[in-house]
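Read through the structure below, which is laid out as structure tokens, and then see the notes.
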Amino acid sequence: MNDPLIPESIVQIIINLILTHAFKGVSESKPLKKIMAIITSEFSSMLQLLRKYPDSKALRQIFERMIERKLYSDKLFAETINTSLINYMLSLENKIDTAKILGRLNEEVNSIMMLADIYLLRGKWAKSLQLYNNALSIFSEKNDYYGQCHALIGIGNAYDKQGRISEAMSTYELALDTMEQIEYPLIKAELLNNIANIYVEEKMWKKAIPNYEQALILYRAHGSIHYECETLMNMGVAFREMGNLEKSLDIFRDALRKSQNIGDIYIENAIRVNLANAYFNSELYSEAQKECEKSLQILKALEDQQGIAGVIMNIGSICYISKKYPEAIKQFDDSLQIYRSICDKRNECIALMNRGNAYREMKQLENSFNDYQISLELSRILKDRFNEGQVLRNMGVVYLHANDLDNAIEIFSEALFIFREMGNIREEIRLLTNRAIAYANDQKKDLAIVDLIDAKKKSTDANEIQFIESLEKKIEKQSSGM
């Protein structure tokens, strides 16, 4: 089998040509139809390259950015890309129908896989799942093990996006079994990475690490530095979540050096963001801010507005934890304006909540409550239960600060119901602790103790249990002193 890797330098040249053609069309005010024709052609080229060189992460990343419309600040260009993509999807559907009538099986299955990839990237997971399964049936009929592996990976990815973790895992394992029929170590490495990522999602850190290590061996043997960097980054996240921050920082720094050596600014930026988070968790706030600022420079060069807003919000969080509340409010406000300009409602909710938190710390409770209220309304429109629960918890804290205990208890109870329904133990423990404080301040000691006992039973964190026990003793002491 021929080596399917395309040198990343060639990929970058192709990308630059595509972007130059497209941007030039917009800047010269060429007719919209002509620009759309160029971009539709480029989409076709990109997808063909992805099929021919499936292991080029740089190629896939730029394609994902084009589809997600994250790379461009120009509204006309974003709309043009979206329209072109819809037209291209329609052309693929026509190609599938024609190939089926003419009995051109290869053309049919390749078009199905291309269309499935696009649906997956656009968040239409049920549709992508249906198409991947259709492709799998055709590949199985042809005894095409290579195609079967790619279809199974697509199915696993769709299951993962839908939150169907056990089905994703079993599909990836089936793909690994199918791999025994072919000699293709890079697909195996990708599968190991996917399995490890699911273990991370399920907080099974120790099971994730060996899979990352096996993937690293395969990537290093093949000289695929981009993949190596990506896997190192994922492994760094696992160590960070395990609480091994020193190991996490070492891995991120190693990955960063390697990404800079190959000049891959996309993976470099992703690593810097994760490195900043590791510094933040290590309470090295100045180091975290430095990484955020370097990341910001990259994102501005790419004109990635969503990425810029995300990093600005991270800087706001650093200011917030450092108790620089006026600066935090400014950063959260800046990110909020960007999210509104690109119609990113979900992150608008988060920026509003973060700004509300900073206002709360400055005792500007009216401003704080207003931000929470808008964020809550947006969360409910979006049916984002997690963010709704978080906003309610923060609103409860405002009521607690204002000594409006009845409303605080009611709001905490509402948020608690949401997180219990979601099965989110971490947020449930926080809310039980919040409500216990409200009960204690309302001289309802017995109810406070019941909540704390419940929180302690659910917690597995020694420091958290110690905090809950100290709070329990404090409430008992206050009660006996009354």
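When reading the values below, keep in mind they use all heavy atoms of this one structure, side chains included, and skip hydrogens, waters and symmetry mates.
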- [ ] Could you check whether the rings of Tyr227 and Tyr219 sit parallel, tilted or perpendicular, using 30° and 60° as the cut-offs?
- [x] tilted
Open item on the list: Which label fits Phe332 and Tyr320: parallel for a plane angle under 30°, tilted from 30 to 60°, or perpendicular past 60°?
Closed with: tilted
Anything under 3.5 Å between a donor and an acceptor, one on a side chain of residues 123-130, the other on a protein residue two or more places apart or in another chain? List them.
from: Trp125; atom 1: NE1; to: Leu120; atom 2: O; distance (Å): 3.4
from: Ser128; atom 1: OG; to: Trp125; atom 2: O; distance (Å): 2.8

Task: More than 12 heavy atoms from other groups under 6.0 Å of NZ on Lys456 - done: yes
Open item on the list: Are there over 12 heavy-atom neighbours, none belonging to Lys324, within less than 6.0 Å of that residue's NZ?
Closed with: no
Task: Point-to-point distance, once rounded to the nearest 0.5 Å, from OG of Ser459 to CD of Gln466 - done: 11.5 Å
Carboxylate-amine/guanidinium contact [X] [Y], below 4.0 Å:
{"X": "Arg380", "Y": "Glu414", "result": "yes"}
{"X": "Lys458", "Y": "Glu464", "result": "no"}
{"X": "Glu476", "Y": "Lys445", "result": "yes"}
{"X": "Lys345", "Y": "Glu348", "result": "yes"}
{"X": "Lys247", "Y": "Asp250", "result": "no"}
{"X": "Glu167", "Y": "Arg164", "result": "yes"}

Open item on the list: For the aromatic rings, using the six-membered ring if either is Trp, is the centroid distance between Tyr285 and Tyr279 under 6.0 Å?
Closed with: no
TODO: Using side-chain contact (heavy atoms from CB on, under 4.5 Å) as the criterion, point out the one residue from Phe369, Tyr325, Tyr372 that pairs with Arg360.
DONE: Tyr372
Task: Option from Leu432, Ile411, Asn434 for which side-chain contact (heavy atoms from CB on, under 4.5 Å) with Leu416 holds - done: Leu432
Task: Heavy-atom check, side chain of Asp160 versus side chain of Asn197, under 4.5 Å - done: no
Task: Check against ring-ring contact (aromatic ring centres under 6.0 Å, His included), Phe419 and Phe386 - done: CA-CA 7 Å; Phe419 286 120; Phe386 180 80; 5.7 Å; yes
- [ ] I would like to know whether Glu361 and Asn357 meet side-chain hydrogen bond (donor to acceptor under 3.5 Å, both in side chains); could you show each step before the answer?
- [x] CA-CA 6 Å; Glu361 295 303 320; Asn357 291 344; over 6 Å; no
- [ ] Verify whether one side chain among Asp333 and Gln337 offers a donor that lies under 3.5 Å from an acceptor in the other.
- [x] yes
What pairs of donor and acceptor atoms, side-chain ones from residues 290-301 against any protein atom, are under 3.5 angstrom apart with sequence neighbours left out?
from: Glu291; atom 1: OE1; to: Arg272; atom 2: NH1; distance (Å): 2.7
from: Glu293; atom 1: OE2; to: Gln289; atom 2: NE2; distance (Å): 3.4
from: Ser295; atom 1: OG; to: Asn269; atom 2: OD1; distance (Å): 2.4

TODO: Go through the steps for Arg435 and Leu447 under the test side-chain contact (heavy atoms from CB on, under 4.5 Å), then give the verdict.
DONE: CA-CA 9 Å; Arg435 192 171 69 174; Leu447 292 173; over 6 Å; no
